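Just below is one structure, and these are the notes that go with it.
Keep in mind that this is a model prediction, so the values were computed, not measured. Each chain gets a letter, A, B and so on, in the order its sequence line appears, and its residues count up from 1.
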Amino acid sequence: MKKVKVLNQICIELHHMIINHPLLGPRDAAEFVYLGDASLINRPDASGDNAAQTFYQYLYLRDNPAGEHKELWYHEQGDRSWLVVTRNTLTHEISNVEMARDVARAAGGST
Amino acid sequence: MSNFNFVPQPVLGDFKHESKGVSIVEQTKLAIVSVACPNDGDEALVASVQNAFACSLPDVSSVEVSNSGPYNGNVRWLGLQPQQWFVLFEQSAEQSAPLTVIKDQLGDTAYCTDQSDSWVSLEVSGPLAINALERICPIDLHLAVFPVGTVARTSMEHLSVIITRTGEDQFLMMSAASSADSFLHAITQSVRNITA
């Protein structure tokens, strides 16, 4: 019974979460879809010698921090952009929102 | 062999509704063409739009109205997402297909797709329009925040909707033609709730 209550609280908080989109301003989290850890942007080199090992790490090994977490959100009911949201997993406080495209380019990506 | 003669029908059968303070009118002649910018083609596209339509390409959330070109300058550019726009204009039966109209002007500087038949468009207007919309639209529609010439893509009653303010008390709303009846129901019900 206690577990159910906790889950409900989390759902309610998420429902009221606002993401401050860099281009569009504040939008309800309900317009977005959550993907996961923003390190998914850094796809390993598939032709590398140790590709099997790096892809295993890329796919299955995740940090699970209690605190600040960079994560990917997709604005499906909006401008269809991918965002990198820095969210505190303990409080849901969002301290930074960036366009994933800018983050990827800054890291040397081509997209 | 049969000789078929197809006549296009409005998605909602030319829907019109008038109640105290709000009217809802289906826009049946609206042509919609999606325009996307090729990689590294920003400058060429800006130049061709300026040349053909005498307007600049709007940023995301903004609308630009063309000052020349086909359709007597009555072409609206909606900035929907980075590098992508919806081009809206009134279409009559005698004129060429929407895609041809835009493609003839932009040539290879853009990727164009005809979206006209995929959307249903409703104009919601009147002094109480905002009262009806504030119940279903998660976007702040206050005139100071969402002025004339602003556009947003959002969801209302779980349906994807593009909304743009065309006048102080006037909004154009577009949603998928495939769920047009549900979209109409959401809006008429909201209007009924504030006028009944």
Side-chain angles (χ1 to χ4, degrees), chain A residues 8-35 38 40-43 70-87 92-94 96-111, chain B residues 34-42 57-63 77-86 111 113 115 119 133-147 149-165 173-176 179 182-183 186:
Chain A
N8 279 344
Q9 276 169 7
I10 290 171
C11 287
I12 289 164
E13 280 195 30
L14 278 175
H15 195 71
H16 287 282
M17 206 159 82
I18 299 286
I19 294 177
N20 200 11
H21 192 294
L23 297 176
L24 309 173
R27 292 295 189 105
D28 196 304
E31 292 185 359
F32 296 82
V33 175
Y34 174 82
L35 180 72
L40 285 166
I41 291 176
N42 309 316
R43 196 177 172 82
K70 281 183 182 294
E71 48 202 25
L72 282 166
W73 289 73
Y74 177 57
H75 198 193
E76 187 177 38
Q77 300 287 2
D79 75 341
R80 314 287 161 101
S81 59
W82 283 97
L83 304 180
V84 173
V85 175
T86 308
R87 180 179 64 96
H92 284 317
E93 185 195 358
I94 292 173
N96 195 22
V97 184
E98 303 155 276
M99 299 293 285
R101 189 175 59 174
D102 297 341
V103 173
R105 280 178 179 164
S110 60
T111 48
Chain B
S34 164
V35 172
C37 182
N39 264 347
D40 301 322
D42 306 60
L57 274 172
D59 292 332
V60 179
S61 303
S62 298
V63 179
W77 288 73
L78 276 53
L80 292 184
Q81 60 196 73
Q83 312 282 296
Q84 193 170 312
W85 301 264
F86 264 16
Y111 302 129
T113 321
Q115 296 267 327
W119 297 80
L133 293 181
E134 72 183 2
R135 290 165 165 251
I136 53 171
C137 178
I139 303 283
D140 186 353
L141 295 177
H142 191 282
L143 195 58
V145 181
F146 195 79
T150 319
V151 63
R153 192 170 195 163
T154 182
S155 69
M156 300 182 199
E157 304 283 13
H158 304 282
L159 297 166
S160 183
V161 178
I162 294 171
I163 179 167
T164 175
R165 190 183 220 119
M173 297 161 75
M174 306 192 292
S175 192
S179 47
S182 305
F183 178 52

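Residue T154(B) holds its OG1 atom at 6.5 Å from NE2 of H75(A), rounded to the nearest 0.5 Å.
In Y74(A), the OH atom is crowded: over 12 heavy atoms of neighbouring residues, nucleotides or ligands sit closer than 6.0 Å.
Minimum heavy-atom separation, L23(A) to S61(B): O-OG, 4.3 Å.
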Next on the checklist: Between R153(B) and R80(A), is the side chain to side chain contact (heavy atoms under 4.5 Å, CB included) condition met? List the steps.
Outcome noted: CA-CA 9 Å; R153(B) 192 170 195 163; R80(A) 314 287 161 101; 3.1 Å; yes

Next on the checklist: Test side chain to side chain contact (heavy atoms under 4.5 Å, CB included) on R27(A) and I139(B); report intermediate values, then the result.
Outcome noted: CA-CA 7 Å; R27(A) 292 295 189 105; I139(B) 303 283; 3.3 Å; yes

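Here the side chains of P82(B) and M99(A) are in contact, with some heavy-atom distance below 4.5 Å.
Between the side chains of S155(B) and E31(A), no donor N or O sits under 3.5 Å from an acceptor N or O.
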